[in-house]
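Atoms considered below: every heavy atom in the structure, side chains included; atoms not considered: hydrogens, waters and symmetry mates. Since the structure is predicted, the reported quantities are computational estimates derived from the model, not experimental observations. Just follow the structure's listing: the first ligand is 1, and inside any ligand the first atom is 1. Residues take their numbers from the sequence shown, with the count starting at 1.
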Amino acid sequence: MKQLTILFVACASVTFAQPVNKHITEANVARVIKTLAADDMMGRSATRPEHIDKAAAFIEKEFKTIGLIPLQGLKGFRQEFKKDMIAPQTLEVVINGQKIAPENTLLVSENTTINLTKHAGVIVIPYDTAIKNTRQYLLSKAFNLTRDTATAFVLVAPEFKENFKELKGYFGKRFTSGRKTNKIFVLGVTSVLNYAVTATQKIEPITMSNVAGMIPGKTKPDEYVVFSGHYDHIGIRPAIAGDSIANGADDDASGTTAVIELARYFKKIKNNNRTLIFVAFTAEEIGGYGSRYFSEQLNPDQVVAMFNIEMIGKPSKWGQNSAFITGYERSDFGEILQKNLKGTPFQFHPDPYPQQNLFYRSDNATLARLGVPAHTISTDEIDIDKFYHTVNDEVETLNMANITATIRAIALSSQSIVAGTETPKRIDKSTVR
Ligand SMILES: [Zn+2]
């Protein structure tokens, strides 16, 4: 019985899956992902146009070769937008007559010059052994403080030394938000009697671009199905063993590769009654600015489903031929996908890491907030992935067969939605924060 079942499944999947096997090949998957995760892409930081442009140009070229057309109102595949970035130039903090070492100071302000000798308040962030996660504690305290407009010193207890570095990274280079806050974070100082703070910052406009193309629908062109991944990553990091480029092979060159290969597949099989939009987002890693801009350029009510793909480079906790879907319970998207996979060995599971908040940690959340059944598909064992956001997220750590199988499964699982015969339930906006 067992053997017979296996045989039957194997046969069924082969005949059923032939076009996906023909058009989505491991060779092409490897070519695309190796290009995107190569050292010459310099870690694809969205705030370094001179680095990320190379990746954008490559994706554009692939879209052109495949035969996609630009989105409505655009001449090319780039969907450009500008953001103003705050670039700190100088900062000198003297407290009680002592100059504070630069690594122990951080200014969070949108002013270009600061000269402060009086009228600053003092806020203390003390350490307590009861704090379980000092990183999360400090980051959330700091984030909340930067919401209020008062000018103040924030004295951070010396026990947060390691977390303070991260705080500096988090607020170091960021976009303007219009928040009128002036906070001077200082590590290791316990009282402020007198002070002098001088600082200069530059506001630099940065141009960023999503790369997007489409295949118009045959009978329901006004209904959109979106396939997305983010092509930006975290750029250059402090070197480990001489390597400083965070290649982001899994995160998210793998998802971007899926978007490209799905475009290639659907362009070949020509069975989409709905319009298919393929988009590689920028600036996911620094706050999801690319997907936000994208969501503002179309009517979200016309988007019937969003397949966002993040980190499919390594087999999931259940092994090969499986993946999980974030926000599974929020719509019947997952059930539809699984139904379309009947007769194949592939299995979609609900997100097994709810405590990680993955539903909110990728570009799907932006469209879900607008009611779109927008979910992220992933295979990553995020709780134990030691390569995540390190310079070691390299192509060599990936499993090309896993990526290829997952892309094929996504192609098959989407067929009734692409054909326009099934429509997932909308996500209840009021439940998405
Ligand atoms: Zn990612």
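Panel detail: the Zn ion (ligand 1) has protein N, O or S atoms under 2.8 Å away, 4 in number.
Figure legend: cation-pi geometry between R330 and F359, with NZ or CZ positioned under 6.0 Å from the six-membered ring centre and within 45° of its axis. A cation-pi arrangement is absent between R44 and Y231 under the rule of less than 6.0 angstrom and at most 45 degrees off the ring axis.
R274 and T421 share no side-chain donor-acceptor pair at under 3.5 Å.
For S109, the side-chain contact (heavy atoms from CB on, under 4.5 Å) criterion is met by L107, N111, I114, N182, Q201, not counting sequence neighbours.
Ring geometry, Y289 versus F175: the interplanar angle exceeds 60°, so the pair is classed perpendicular (tilted spans 30 to 60°). Using bins of under 30°, 30° to 60° and over 60° for the plane-to-plane angle, the ring pair F160/Y127 lands in the perpendicular bin.
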